[in-house]
There are 2 protein chains.
Amino acid sequence: MGDRVERATMRDVAALAGVSIKTVSRVVNDEPGVAEPVRVRVQEAVGRLAYRHHLAASNLRRGASRSGLIGALLQDVSNSFSAALLRSLEDAMRARGTAILSASLDEEPDRERALVHDLVTRRVDGLVLMPSTDRQDYLSSEMRAGLPVVLVDREPSGIAADSVTVENTEGARMGAEHLLAQGHRRIAALIDLPGIYTARHRLEGFADAHRSRGIHPDERLTVTGLRGAEAGEQAVTRLLDLDRPPTAIFAGRNDLAQGAARALRRRGLSESVALVGFDDFPLADLLTPPLTVIRQDVVRIGRLTADLLVARLDGDVSPPQRVVVEPTLVVRGSGEIPPPA
Amino acid sequence: MGDRVERATMRDVAALAGVSIKTVSRVVNDEPGVAEPVRVRVQEAVGRLAYRHHLAASNLRRGASRSGLIGALLQDVSNSFSAALLRSLEDAMRARGTAILSASLDEEPDRERALVHDLVTRRVDGLVLMPSTDRQDYLSSEMRAGLPVVLVDREPSGIAADSVTVENTEGARMGAEHLLAQGHRRIAALIDLPGIYTARHRLEGFADAHRSRGIHPDERLTVTGLRGAEAGEQAVTRLLDLDRPPTAIFAGRNDLAQGAARALRRRGLSESVALVGFDDFPLADLLTPPLTVIRQDVVRIGRLTADLLVARLDGDVSPPQRVVVEPTLVVRGSGEIPPPA
DNA sequence: AATGACGTTGACAACGTTGTCATCGGACAC
DNA sequence: GTGTCCGATGACAACGTTGTCAACGTCATT
């Protein structure tokens, strides 16, 4: 029915209903002061023309930024951690009628800056950022112009902004200590790019655990710069080929733990080499043996992040907060394999 | 440095640079016809005032809808299928500078309608929809007004729109047949709400496989209305308690397969009850035994969807296409467990 | 010296909407 | 009958931007 038509505007509705544009505006916005018969006539016209409110034009006229949009720049929306976080944010924002623009950064600082610029251009009301950059000072002019920013997963550097992070160092220390306590002395560490905030801290925690026991870890067992499950799998395969292979593995990210599990399984070593991963993920409990992990409570992190942002959106101007969530050790089996006698 | 300031507009920049607004516009948009010294002066003013282009105002003036935004209404962005799809879309759109507004529907038709309305109000240039509704006729007025819509995972009903789907019936038939061929005769089926397009078709395929072998499946082994892993786990637990429990399980969704795997593991039956799942997921290969699945190629689906939408965005007005992707059986072990002798 | 061409620049209107204010007609009180 | 008040309605400007077009100065040409 009917060809392709241009969207009707209030002008068209007004013409059809035989009233002024302003009256249409009143009806559309449910404002009082319109006689009932007129209101009905306008609504009929709205229906017949399939008129839809133009939010951008409305916001523009209403002044204020209020775009009813926030940005969420995450590492990779297809990764379970980012995806769960996005979902938490969405649920928190739904009630406010605030929509979410999401994008993946893949640890690329340039992309982060470009996307932030794009979001500012779109006048988002707020920003949730899992930064890829070392410093976020480029954000300060935006924040001064009133853009609320909450950093997740990594603490701010170069700016004063809210953040929700996990005790990475402590978590990694816990994981490594768990393995050391069982007698492991040759523990491999699988770490992401050392420039990354979380990677750095987790590596630190790993070293701390050794240090406080007066143990010097074999550097050849620490592999950094690992991006993704594939890289983790290959690294572990190489480590297992060493003259004195590790008896345990600490994986600094969930995908690296998955890669490690795959490598171990392929070599038939799942039951003989211990494995602890940082960051829980769906199905970790269904691996063989079930995977022992340091869990960061994603739902909690998401809710805390959303709470901080919502408060700022609602005008909270108190000093920035750094919320730190304690990770927990979830013992499931893979991390309790003893070293060979 | 500096208090909270209102965003500068072109007017402010023009005043500071001592030129007209139009000249600022020219510089900001990299248009020719501005003398070099003037251009420099304007750029300095832009920098000093931290001026940022206002995309909404620009688009408004430029006429046309072109918001540089598309909507992606998926079932649940934290589910690996939706998340992977979102990521594919994002990658396809990045080059165009098109941003993505995503939201989760959770199979709620009302939310779908409300969110579509919201997206229209925001004048998205296009829409990717994994529908929750039985019929999408409510979309026809939007489409007539020029909104390109591509349905994913479920075929359109009540409208003529592009779609990218999987041969659900055929896939499920394949999965059930795989189990039947090994001699299983008591096969349980775990199915989502029967109102859901994919659930209906998969159940159909399951029945088809039996029918073409002249076998009448035990209705008590078919459980529908299962939402989420938990529900799947409980259903399987109940099934295992029957006098004559199933010797194999066909799970109609990846989360139901996960729930089933969990229930089997808990009962120590992972190696004795066969399991085939519909829709692959990360780590399915690491379960014990590795999970046999009907795989739908998410990346491919995402790319096809993006291609269709991009074509429409670029003005393609050819008749709607229904692209159907063939699922494949991935044999890994769990589906090859024979029935007890 | 007058003419035309060209490169720069700005005034103005308009995109679709809404806040402000004026206008209009009728109801009511005196 | 006059004055007042109130509810309903609309004219107009403005949000921040850009397309159109006119105006300006400079320079080369005749």
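Letters A, B, ... mirror the listed sequences (proteins, then strands); counts begin at 1.
For B/E31, counting side-chain heavy atoms from C-beta on, the closest listed nucleotide (D/dG19, D/dT9, C/dC15) is D/dG19. The side chain of B/H54 sits closest to D/dG16 out of D/dG16, C/dG10, D/dC15. Closest approach to the A/S20 side chain among D/dA11, C/dG10, C/dT18 is made by D/dA11 (side chain taken as heavy atoms from C-beta onward). Closest to the side chain of B/T9, out of C/dG19, D/dT17, D/dG19, is D/dT17. Considering only the side chain of A/T23, D/dG10 comes nearest among D/dT17, D/dG10, D/dG16. In this structure, of D/dT9, D/dT18, C/dG19, it is D/dT9 that holds the atom nearest to the side chain of A/A35. For A/I21, counting side-chain heavy atoms from C-beta on, the closest listed nucleotide (C/dT17, C/dC15, D/dT18) is C/dT17.
One interatomic measurement links the two molecules: CZ of B/R11 to C1' of D/dT18, which rounds to 15 Å at whole-angstrom precision. We find that CG of A/L60 is positioned 14 Å from P of C/dC15, with the value rounded to whole Å. Look at CE on B/M10: it is 8 Å from C1' on D/dT18, rounded to the nearest Å. Spacing between atom NZ of B/K22 and atom C1' of C/dG10 amounts to 10 Å, rounded to whole angstrom units. Separating the CZ atom of B/R39 from the C1' atom of C/dT9 is a distance of 13 Å, rounded to the nearest angstrom. As a whole-Å value, the separation of A/R123 CZ from D/dT17 C1' is 11 Å. Per the geometry, CZ belonging to B/R41 stands 11 Å off C1' belonging to C/dT9, to the nearest Å.
Using a 4.0 Å heavy-atom criterion, one finds that A/V28 contacts no nucleic acid atom at all. Heavy atoms of B/E36 sit nowhere under 4.0 angstrom from any nucleic acid atom.
For the pair B/S25 and D/dT18, the criterion of a side-chain N or O lying under 4.0 Å from OP1 or OP2 is met. Considering only side-chain N and O atoms, A/H53 lies nowhere under 4.0 angstrom from the phosphate OP1 or OP2 of C/dG16. Between D/dG19 and B/R62, a contact under 4.0 Å exists linking OP1 or OP2 to a side-chain N or O. Residue B/N59 has no polar side-chain atom (N or O) positioned under 4.0 Å from OP1 or OP2 of C/dC15.
Counting heavy atoms from C-beta on, the side chains of A/L101 and A/D118 never come closer than 4.5 Å. Inter-residue side-chain proximity for B/S157 and B/D134 is flagged as unmet; no heavy-atom pair is nearer than 4.5 Å. B/L86 is listed as a side-chain neighbour of A/S102, based on a closest heavy-atom distance under 4.5 Å.
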Item to complete: Determine, stepwise, if the pair B/Y138 / B/E112 fulfils side chain to side chain contact (heavy atoms under 4.5 Å, CB included).
Response: CA-CA 11 Å; B/Y138 72 96; B/E112 174 181 327; 2.5 Å; yes
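Under the 4.0 Å criterion applied to side-chain N and carboxylate O atoms, B/R227 and B/E108 are not assigned as salt-bridge partners.
Comparing B/A57 and B/R26 by the nucleotide of DNA chain D that holds the closest heavy atom to each, the one mapping nearer the 5' end is B/A57.
If you check distances only, the side chain of A/R61 does reach the base of C/dT18 with a donor-acceptor pair under 3.5 Å.
Screening residues 46-57 of chain A for side chain to side chain donor-acceptor pair (under 3.5 Å) gives A/R52-B/S141, A/R52-B/E142 as the qualifying pairs, with residues at least two apart or on separate chains.
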